[in-house]
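So that the names make sense, note that chain A is the first sequence line, chain B the second, and so on, each numbered from 1.
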Protein chains: 2
Amino acid sequence: MVRTKAEKVKKAKPVRDAIATQAVILAAAEEEFAQHGLTAARTEAIAAKTGVAKSMIYYYFKDKEGLYRAVLERSHADLLQTVQNLDWEHLFPEVALEKFLQALLDCVSRNPKLPAMMFHEAIQNHGKYYKDSSSVDIDRISIAILERGVAAGVFRPLDPFQSAINIMGTCLFYFIGAGNIQQFPQGEQLLSPAMLQRHAEEAIALVLAGVRAPSKPIAPAEHE
Amino acid sequence: MVRTKAEKVKKAKPVRDAIATQAVILAAAEEEFAQHGLTAARTEAIAAKTGVAKSMIYYYFKDKEGLYRAVLERSHADLLQTVQNLDWEHLFPEVALEKFLQALLDCVSRNPKLPAMMFHEAIQNHGKYYKDSSSVDIDRISIAILERGVAAGVFRPLDPFQSAINIMGTCLFYFIGAGNIQQFPQGEQLLSPAMLQRHAEEAIALVLAGVRAPSKPIAPAEHE
DNA sequence: AATTTAATCGACAGACTTGTCAGTCGATAA
DNA sequence: TTATCGACTGACAAGTCTGTCGATTAAATT
């Protein structure tokens, strides 16, 4: 029975596996960068988490910044693709918004470190490494959905730009604030599946109720 | 005419003024810490912004951590006092929530770096320097307001704990995300008085609409 | 005017960090 | 079995950052 190289690699788990090593470095780096940001992250700390020598970071990713870029790219790939596959243009604004929020919350629940990374990037580096990245697209889509909803009269006459930001905050703050909230009884298991599920429901409910136009769109509540 | 020491200090602006020096150090430190967090902040960078020698930091604040604590304390004093003076217990839940949000947004508009500091603290240090600080109180008050509103039936049957977090996010994310949003046309003047005013209005409107129980409590809109 | 006290500075020691390098070791294939 | 190549390591050079110290000078006091 013939065994291909790939099979061997997968099953035998060889001592030296370039792909696996890069993967563990990326995983450890994501954790470190999410917590500390680019500058305060220590390559030594990343290496310590992986078990491989620190020099492997430089071997595979050139330098700390290269590793940072790689982590950022990988983290956003999922989010970007999910949101772009949304096909929101063919949906009613309310449905589009709900689907959008659901997709966003699924992504970040899957990878709860993403928001922290985004905010380090925003605050420390002013989005320097985001120039062509996903976050801009995501903002654009949410703004567009809101604009349509307002135009159609199913949403309040809100400011789409401001509201898009605020809605993001409603969904994502939870993941950032987690560290500060641990003083509360519930704070211990903030990232458990049950709590994540609950957070998604609450955030979506809050946003949908928050943007919806009051009472029926057919019979305007205003005078005239 | 007799001049007290204090008057002299204020008017003559002496070359050496301990209070003034500490103040400029605190201001510069706030900026640096807000952008970089405790670890990544550079004492040299702080000193450079002040114009006084780096050693003054150690003279007045012992070490970097001491300065950090001082900044954190000063930043929160305003917020804590404002929110505690709220007297929310004597107000209807809706009014209490609106006043609370208004107060919160006033504070952070006055000091837009506060949210960034809070989030560095949350993510990097897991709220280590917050143990007895204001943020916990603030969260408690917002939770209490929501609980009352739900009990009174004027708010939806939301989860007060989750919703308090999400509402904070709605209000504060704007100030953190600012760095990433600068790619947009509006992004340039995100912290101008007009935009801050607008943000406060939009955030409050979104939250109030988001928590309010649907239609009138007297005449239920549901079937039946 | 002389003396004391407090604020300030510049230089630097020591610790910590990044990134490099020479060389080891394991797998694959001739 | 041995040569080759890529994965991997430990030690270290170079640079950065914190925190200290003695000297210096402005203000207060006598």
message = Between A:Phe175 and A:His199, is the ring centroid distance below 6.0 Å?
response = yes

When you compare the protein's N or O atoms with those of nucleotides 24-26 of chain D, which come within less than 3.5 Å of each other, and at what distance?
from	atom 1	to	atom 2	distance (Å)
D:dT25	O2	B:Arg16	NH1	2.6
D:dT25	O2	B:Arg16	NH2	3.1
D:dA26	O4'	B:Arg16	NE	3.3

inquiry  = Does this structure show an ion pair linking B:Arg42 with B:Glu32, if we count only N-O contacts that are shorter than 4.0 Å?
reply    = no

Please tabulate, for the side chains in residues 191-198 of chain B, all donor-acceptor contacts under 3.5 angstrom to protein atoms that are two or more places apart in sequence or on a different chain.
from	atom 1	to	atom 2	distance (Å)
B:Ser192	OG	B:Gln189	O	3.0
B:Ser192	OG	B:Met195	N	3.3
B:Gln197	NE2	B:Glu201	OE2	2.9
B:Arg198	NE	A:Asp159	OD2	3.1

inquiry  = Quick test of your reading of the model: are B:Arg69 and B:Glu65 salt-bridged, counting only N-O distances below 4.0 Å?
reply    = yes

inquiry  = Tell me which residues in residues 53-71 of chain B lie within less than 4.0 Å of DNA chain C, going by non-hydrogen atoms.
reply    = B:Ala53, B:Ser55, B:Met56, B:Tyr59, B:Tyr60

Side-chain donor-acceptor pairs under 3.5 Å in residues 106-115 of chain B, sequence neighbours left out?
from	atom 1	to	atom 2	distance (Å)
B:Ser109	OG	B:Leu105	O	2.7
B:Arg110	NH1	B:Asp78	OD1	3.0
B:Arg110	NH1	B:Asp78	OD2	2.6
B:Asn111	OD1	B:Lys113	N	3.4
B:Asn111	ND2	B:Glu30	OE2	3.0

request  = List the atom of B:Phe173, the atom of A:Ile165, and the distance in Å for their closest heavy-atom pair.
outcome  = CD2-O, 3.4 Å

query = Are the side chain of A:Asp17 and the backbone N or O of A:Ile19 linked by a donor-acceptor pair below 3.5 Å?
reply = yes

inquiry  = Taking the ring centre of each residue, are A:Phe33 and A:Tyr68 less than 6.0 Å apart?
reply    = yes

ask   = Of the residues in residues 18-48 of chain B, which ones touch DNA chain C at a heavy-atom distance under 4.0 Å?
value = B:Ala18, B:Thr21

inquiry  = Test: ring-ring contact (aromatic ring centres under 6.0 Å, His included). Region: residues 42-62 of chain A. Which pairs qualify, not counting sequence neighbours?
reply    = none

Donor-acceptor pair between B:Gln81 and B:His76 side chains, under 3.5 angstrom = no

